Amino acid sequence: MTDLLGNLKRTHHCCQLRNTDIDTHVILMGWVQHRRDHGGVIFIDLRDKEGITQIVFNPENSKAVHEKARDIRSEYVLGVKGKVIARPDDMLNPNMETGAIEVLIDELYIFSKAKTPAFLIEDRVEASESIRLQYRYLDLRRPQLKKNILARHQATMAIRNYLDDKGFVDIETPVLTKSTPEGARDYLVPSRVNQGEFFALPQSPQLFKQLLMIAGFDKYYQIVKCFRDEDLRADRQPEFTQIDMELSFVNEEQIMEIAEGMIVAIFKRVRDLDLVTPFPRITYDDALSRFGLDRPDLRFGLELCEVSDIVKDAGFKVFANVVKNGGLVKAINAKGCATFTRKQIDELTEFAAVYKAKGLAWIKIKEAEWQSPIAKFFTDHEKEALKNRLDLEPGDIVFFVADQPKITNEALGQLRNELARRLELISDDTYNFTWVTHFPLLDYDETEKRYQALHHPFTAPLEEDIEKLTSDPLAVKSRAYDLVLNGIEIGGGSIRIHSPELQSKVLHCLGIDDTQANEKFGFLLDALASGAPPHGGIAFGLDRLMMLLCGEDSIRNVIAFPKTQKATCLLTEAPSKASPAQLQELAIKVSKLEE
RNA sequence: GGGGGUGUAGUUCAGUUGGUUAGAACGCUUGCCUGUCACGCAAGAGGUCGCGAGUUCGAGUCUCGUCACUCCCGCCA
């Protein structure tokens with residue numbers, strides 16, 4: 001039988017005791033990390049949320065307690081009462097915070113026995129992801145994961161304290177809500193009371209927070225779950241958490257300043273780092289031109305350089321034709337990397353192909369000549385121009401991508417990041433924040449043959465661009481901004497449209513007529529017509545932010561109970577089939593039944 | 001929807017050209033051990049080689065299918 005807790009009350013956590021506590025009588029509770037039974041003396045590393053303390057059972061101290069301790073196994077849950085004693089001078093453990101002391105046990109309570117765990121509960125043990133997810137409660141006992149989850153708590157506390165100080169109000173918005181048009185697939189929830197009708201889980205509280213501004217709450221925030229039924233990635237889960245906020249009577253600068261203050265508070269609290277603000281800004285156009293991506297990693301150089309004008313008449317038809325057809329030829333000079341082998345170049349070509357680049361041209365700059373499959377196609381004049389534009393010196397290798405602008409930028413931008421990884425140009429522990437501003441308002445969807453909001457349909461266009469909405473929609477810049485950390489988008493927002501006239505103008509641009517608009521979000525248009533303050537906001541991905549703060553490469557490691565890549569939960573085995581009775585109540589027929 | 005990787009003991013992995021009884025480490029069990037801290041020593045248990053077909057005298061190994069986990073492309077306003 002196991003022991004009951006009774007009136008036993010913990011006096012200390014397992015990381016608290018030090019030299020100064022020697023001779024104190026203490027009560028600790030925790031899990032058995034390790035047992036070292038020497039036949040006589042038994043050592044146990046007792047672990048709780050805070051840390052580990054070594055406890056000792058010595059038959060000379062109490063024969064009965066020692067005898068009982070012999071049955072202890074890994075992950076048993078114990079309560080122990082004993083005296084803090086100094087370890088012998090040559091037995092100190094400098095690797096443990098509590099390594100100067102140990103607790104000599106007088107009373108032992110075994111609250112729970114435990115099955116042998118499926119994997120060792122230690123950071124150094126790499127269990128596979130599926131076994132870790134299946135036994136998530138064991139995985140969460142590991143110090144690293146526990147540290148991440150606790151850091152997440154510190155971050156949300158820092159956020160709440162900071163925003164509360166700034167006068168923000170935490171307001172909950174509905175989880176059972178209306179399907180929003182455009183954007184990701186919704187998770188649907190059938191309504192029993194309204195058979196045949198469905199709620200959608202929110203992809204973001206976007207419309208509700210705008211309504212709260214119209215209602216006059218002025219500054220709103222919420223740390224809130226959002227849902228998107230799309231395929232997963234290392235940094236994408238079907239349910240994820242946003243730090244969502246919205247403010248009235250503010251412009252972009254004021255929102256970015258508040259957001260920067262919040263990020264500073266988080267990093268101070270979690271990492272004890274003092275970030276420098278304001279964060280640098282770069283326009284969307286500059287980001288694409290110099291780094292190829294709208295989320296540039298500015299921890300290293302390797303900037304992209306356009307050479308379309310130089311190669312437009314070159315004998316190398318691939319380049320010339322791309323320029324003729326409105327494409328872009330851009331290059332990266334990898335300084336001193338002419339030593340790349342054929343194999344390395346092939347790998348990089350394959351890498352670029354993932355992003356649709358049809359090829360990766362290269363030139364190695366040697367002392368005497370250019371070594372390259374394409375060098376022979378260039379005139380001396382073109383070579384000289386390339387040399388000057390790209391600052392080519394002996395020992396360099398330069399990579400070219402020639403394609404439509406979108407592909408050239410994406411492929412070369414990704415190649416830039418890959419080169420930096422391979423060349424180890426990125427120092428750990430560097431946090432590089434960059435605001436990307438002046439996004440286009442729209443882009444053109446080739447498959448659906450219509451304009452689409454790049455951000456969302458409620459984003460305000462730049463005032464000076466409003467006229468172009470009819471004449472040249474793609475040239476319209478928006479008042480949207482993203483915050484990028486180390487090349488990863490961690491947040492984004494915009495000033496919203498607060499005029500109903502402008503809102504319907506933008507909706508028209510998107511091919512949504514008044515009837516459809518009323519059907520889909522008439523309530524918003526109505527609200528906008530009822531006295532809407534100028535307003536805007538921003539939302540941060542808490543999971544991604546924590547991933548970067550914790551040095552993890554998957555957000556699953558900062559989420560207590562994450563889903564697999566197929567959006568299932570290995571622990572609870574959700575999702576699962578509904579019973580026929582449930583389905584009947586909901587008036588739902590499942591067409592794809594298992595045979 | 002597409003491409004790549006992985007799947008062998010409780011866990012992490014090895015397993016050669018298709019060939020005798022499928023191995024290692026850790027963990028686990030038992031015994032010994034009073035100063036370990038990833039304790040030590042000795043012995044032992046533990047396998048539907050993800051699953052299903054096929055080729056073969058013979059399959060962990062080859063082929064096809066399928067499932068799971070994972071990385072990426074598409075997708076994610």
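Letters A, B, ... mirror the listed sequences (proteins, then strands); counts begin at 1. What you are looking at is a predicted structure, and each value in this text was computed from that prediction instead of being measured.
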Those residues that, when tested against [X], pass salt bridge (Lys or Arg N to Asp or Glu O under 4.0 Å) (two or more places apart):
X: A/Asp297; answer: A/Arg299
X: A/Asp346; answer: A/Arg342
X: A/Glu129; answer: A/Arg556
X: A/Glu50; answer: none

When the [atom1] atoms of [N] and [M] are considered, how many whole Å apart are they?
N: B/A14; M: B/U56; atom1: P; value: 31 Å
N: B/U6; M: B/C64; atom1: P; value: 15 Å
N: B/C32; M: B/G23; atom1: P; value: 30 Å
N: B/G47; M: B/U12; atom1: C1'; value: 16 Å
N: B/C49; M: B/G60; atom1: P; value: 7 Å
N: B/G7; M: B/C13; atom1: C1'; value: 12 Å
N: B/U66; M: B/G1; atom1: P; value: 12 Å
N: B/A9; M: B/G50; atom1: P; value: 8 Å

Using a cut-off of 4.0 Å on non-hydrogen atoms, how would the nucleic acid contact of [X] be classed: base, sugar-phosphate, or nothing?
X: A/Leu232; answer: nothing
X: A/Arg132; answer: nothing
X: A/Glu102; answer: base
X: A/Asn58; answer: base
X: A/Arg73; answer: sugar-phosphate

[Y]/[X] salt bridge by N-O under 4.0 Å criterion:
X: A/Arg36; Y: A/Asp45; value: yes
X: A/Arg18; Y: A/Asp21; value: no
X: A/Asp285; Y: A/Lys477; value: yes
X: A/Lys343; Y: A/Glu347; value: yes
X: A/Arg295; Y: A/Glu489; value: no
X: A/Asp403; Y: A/Lys356; value: no

For [X] and [N], give me the distance from atom [atom1] to atom [atom2], rounded to whole Å.
X: A/Glu410; N: B/C72; atom1: CD; atom2: P; answer: 13 Å
X: A/Lys406; N: B/C75; atom1: NZ; atom2: P; answer: 7 Å
X: A/Glu129; N: B/G7; atom1: CD; atom2: C1'; answer: 15 Å
X: A/Glu418; N: B/C71; atom1: CD; atom2: C1'; answer: 13 Å
X: A/Gln452; N: B/C75; atom1: CD; atom2: C1'; answer: 12 Å
X: A/Lys563; N: B/C69; atom1: NZ; atom2: P; answer: 13 Å
X: A/Asn417; N: B/C72; atom1: CG; atom2: P; answer: 13 Å
X: A/Asp186; N: B/C75; atom1: CG; atom2: C1'; answer: 14 Å

State the pairing partner of [N]; accept Watson-Crick or G-U wobble contacts with both distances under 3.5 Å, and report none otherwise.
N: B/A24; value: B/U12
N: B/C76; value: none
N: B/C32; value: B/G40
N: B/U66; value: B/G50

Any idea which of [options] is nearest the [X] side chain?
X: A/Ser74; options: B/C37, B/C28, B/C32; value: B/C28
X: A/Val354; options: B/C71, B/C73, B/A77; value: B/C73
X: A/Tyr355; options: B/C72, B/U70, B/U34; value: B/C72
X: A/Lys566; options: B/C73, B/U29, B/A68; value: B/A68
X: A/Arg228; options: B/A77, B/C75, B/C69; value: B/A77

Between protein and nucleic acid, restricted to nucleotides 9-11 of chain B and to nitrogen or oxygen atoms under 3.5 Å apart, what atom pairs and distances do you find?
{"unit_1": "B/G10", "atom_1": "O2'", "unit_2": "A/Ala118", "atom_2": "O", "d": "2.9"}
{"unit_1": "B/U11", "atom_1": "O4'", "unit_2": "A/Ala118", "atom_2": "O", "d": "3.2"}

Indicate whether any N or O donor in one side chain lies under 3.5 Å from an N or O acceptor in the other, for A/Ser204 and A/Gln242.
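There is no such pair between these side chains.
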
Taking N or O atoms only and anything under 3.5 Å, show me the protein contacts with nucleotides 1-6 of chain B, one pair per line.
{"unit_1": "B/G1", "atom_1": "O6", "unit_2": "A/Asp231", "atom_2": "OD2", "d": "3.4"}

For [X] and [N], is the shortest distance between a side-chain N/O and OP1 or OP2 below 4.0 Å?
X: A/Ser130; N: B/A68; value: no
X: A/Thr459; N: B/A77; value: no
X: A/Arg556; N: B/C71; value: yes

Would you check if A/Met245 and A/Phe540 make a side-chain contact, meaning some heavy-atom pair closer than 4.5 Å?
yes

Polar atoms only, N or O, under 3.5 Å: list the protein pairs with nucleotides 38-41 of chain B and their distances.
{"unit_1": "B/A38", "atom_1": "N1", "unit_2": "A/Arg124", "atom_2": "NH1", "d": "3.0"}
{"unit_1": "B/A38", "atom_1": "N3", "unit_2": "A/Arg124", "atom_2": "NH1", "d": "2.8"}
{"unit_1": "B/A38", "atom_1": "N3", "unit_2": "A/Arg124", "atom_2": "NH2", "d": "2.8"}
{"unit_1": "B/C39", "atom_1": "OP2", "unit_2": "A/Arg36", "atom_2": "NH1", "d": "3.0"}
{"unit_1": "B/C39", "atom_1": "N4", "unit_2": "A/Asp37", "atom_2": "O", "d": "2.6"}

Take A/His455 and A/Asp553, find for each the nucleotide of RNA chain B with the closest heavy atom, and name the residue whose nucleotide sits nearer the 5' end.
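That would be A/Asp553.
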
For A/His13, check ring-ring contact (aromatic ring centres under 6.0 Å, His included) against everything at least two apart and list the hits.
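For A/His13 there are no ring-ring contact (aromatic ring centres under 6.0 Å, His included) partners, ignoring immediate neighbours.
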
Heavy atoms within less than 4.0 Å of RNA chain B: which residues of residues 478-489 of chain A have one? Give them sorted by number.
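Nothing qualifies; none.
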
For [X], all residues meeting side-chain hydrogen bond (donor to acceptor under 3.5 Å, both in side chains), sequence neighbours excluded:
X: A/Thr470; result: none
X: A/Asn557; result: A/Arg132, A/Glu552
X: A/Gln16; result: none

Test item: A/Asp186 side-chain N/O and A/Gln203 main-chain N/O as donor-acceptor pair under 3.5 Å
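Side chain of A/Asp186 to backbone of A/Gln203, a donor-acceptor pair under 3.5 Å: no, none is there.
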
